Number of protein chains: 2
Amino acid sequence: MNNVFKALADPTRRKVLELLRQRPMSAGELSEHFPVSRPTMSAHFAVLREADLIESNKIGTTILYQLKLSVLEDALLSFSQLFGIGAVERAATKPAGNGQPRKQPRRS
Amino acid sequence: MNNVFKALADPTRRKVLELLRQRPMSAGELSEHFPVSRPTMSAHFAVLREADLIESNKIGTTILYQLKLSVLEDALLSFSQLFGIGAVERAATKPAGNGQPRKQPRRS
DNA sequence: CTTTTATTTAGATATTTAGCTAAATATCAT
DNA sequence: ATGATATTTAGCTAAATATCTAAATAAAAG
């Protein structure tokens, strides 16, 4: 949780997460959106990975990053609840199929 | 918004906000909850004030800090919405009367 | 007016962070 | 094997942050 908030403290990293919300992207593609060097972006990815907010998939020579929405959600939810701010509703199974399913198979 | 996330990045500051959620507290009272010096706490308060997450009310020699819940809420809400995480429901007018209303400090 | 209490400001230091360039690694194509 | 491409690791600097002690400010109490 602390790592999540640390990760969210930087605007570049928040923007990366936003970009990844739309679809998985390679490190290079993500980097194109920012005016900083690739190594710098790589460091940002490492922080996000450390916070477990993204996961990576090596495909040949490129690395595809993917948002772990449920982790972001859980952090936001539990923090909000501390304040009674309440009900960040549970991920409503994202439409485009880029959700973050890997969790408990939801006991109905 | 950036300032809010910067402020939330530190566990001491998050805890301060949690404490203030219950009731307004003086700088000194808040400080007692942490193993750091008063000046250090004062600096944390400054960051929180900078982010507009708390407001201060000087009463004689002590300074009462108060949580600005709506600001925290707004930040969390708008960020959540970027991800379609959804509905941090609007502050349901806190029960105990420690909401955010008091804009007028006793102008005597 | 002097002292006490509450808090902040100043000044110093140590740690962390964001950024860079250059080099290493890994994969793919020739 | 060589070269090209994608990304990370290493090593560095500059700036930001967290912390401390000592001093300053402000109000209250004597």
Side-chain angles (χ1 to χ4, degrees), chain A residues 1-20 22-68 75, chain B residues 1-20 22-68 75 105-108:
Chain A
M1 168 115 160
N2 189 37
N3 282 343
V4 170
F5 279 104
K6 281 273 183 63
L8 294 181
D10 185 278
T12 294
R13 290 192 291 261
R14 286 198 304 275
K15 191 83 177 273
V16 166
L17 295 179
E18 279 184 61
L19 288 168
L20 289 180
Q22 308 168 30
R23 60 195 151 86
M25 281 188 212
S26 71
E29 190 177 359
L30 285 167
S31 292
E32 284 168 13
H33 291 81
F34 303 88
V36 301
S37 71
R38 306 276 164 133
T40 294
M41 289 305 295
S42 186
H44 282 307
F45 300 148
V47 172
L48 290 170
R49 216 180 311 107
E50 187 63 29
D52 199 34
L53 285 167
I54 60 177
E55 68 186 2
S56 54
N57 252 306
K58 191 163 195 171
I59 297 182
T61 177
T62 87
I63 295 182
L64 258 204
Y65 280 111
Q66 193 168 346
L67 175 63
K68 294 180 77 168
Chain B
M1 166 115 166
N2 189 38
N3 282 343
V4 170
F5 279 104
K6 281 271 182 64
L8 294 181
D10 186 279
T12 294
R13 290 192 292 261
R14 286 198 303 275
K15 192 84 177 271
V16 166
L17 295 180
E18 279 184 61
L19 288 169
L20 289 180
Q22 308 167 30
R23 62 194 150 87
M25 282 187 212
S26 71
E29 190 178 359
L30 285 167
S31 292
E32 285 168 12
H33 290 80
F34 303 89
V36 301
S37 71
R38 307 274 166 139
T40 295
M41 289 305 294
S42 185
H44 282 306
F45 301 148
V47 172
L48 290 170
R49 217 180 309 108
E50 188 63 30
D52 199 34
L53 285 168
I54 61 178
E55 67 186 4
S56 54
N57 254 306
K58 191 162 193 170
I59 296 181
T61 176
T62 86
I63 295 182
L64 258 205
Y65 281 110
Q66 192 167 346
L67 175 62
K68 294 181 78 168
R106 45 210 109 334
R107 262 239 126 50
S108 52

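No experiment lies behind these values; they were computed from the predicted model shown. The chains referred to below are lettered A, B, ... by the order of the sequence lines, with proteins before strands, and numbering in each begins at 1.
Among the atoms of the strands shown, none is found under 4.0 Å from any heavy atom of S31(A). Residue F34(A) is out of contact with every strand shown, counting any heavy-atom pair closer than 4.0 Å.
The distance between atom CD1 of I63(B) and atom C1' of dA28(D), rounded to the nearest whole Å, is 15 Å. Atom CD in E50(B) sits about 12 Å away from atom P in dT9(C), given to the nearest Å. Counting to the nearest Å, the P atom of dT7(C) and the CE atom of M25(B) are 13 Å from each other.
Remark: N2(B) engages R14(A) in a side-chain hydrogen bond (donor to acceptor under 3.5 Å, both in side chains) (not counting sequence neighbours). For E29(A), the salt bridge (charged side-chain N to carboxylate O under 4.0 Å, His left out) partners at least two apart in sequence or on another chain are R23(A). Shown here are the side chain to side chain contact (heavy atoms under 4.5 Å, CB included) partners of S56(A), two or more places apart in sequence or in another chain: R49(A), I63(A), Y65(A). A search for salt bridge (charged side-chain N to carboxylate O under 4.0 Å, His left out) contacts involving E18(B) returns nothing, not counting sequence neighbours.
Across the interface with DNA chain C, nearest-nucleotide mapping of I59(A) and A9(A) shows A9(A) to be the residue nearer the 5′ end.
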Under 3.5 Å, side-chain donor or acceptor atoms of residues 35-43 of chain A against the rest of the protein: list the pairs with distances, not counting sequence neighbours.
{"unit_1": "S37(A)", "atom_1": "OG", "unit_2": "T40(A)", "atom_2": "N", "d": "3.3"}
{"unit_1": "S37(A)", "atom_1": "OG", "unit_2": "T40(A)", "atom_2": "OG1", "d": "3.0"}

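Nearest nucleotide to the side chain of Y65(A), out of dT7(D), dT8(C), dT8(D): dT8(D).
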Open item on the list: Counting primed atoms plus P, OP1 and OP2 as sugar-phosphate and everything else as base, spell out the protein contacts along nucleotides 10-26 of chain D at 4.0 Å heavy-atom distance: B, S or - for each nucleotide, 5' to 3'.
Closed with: --------SBBBB---S
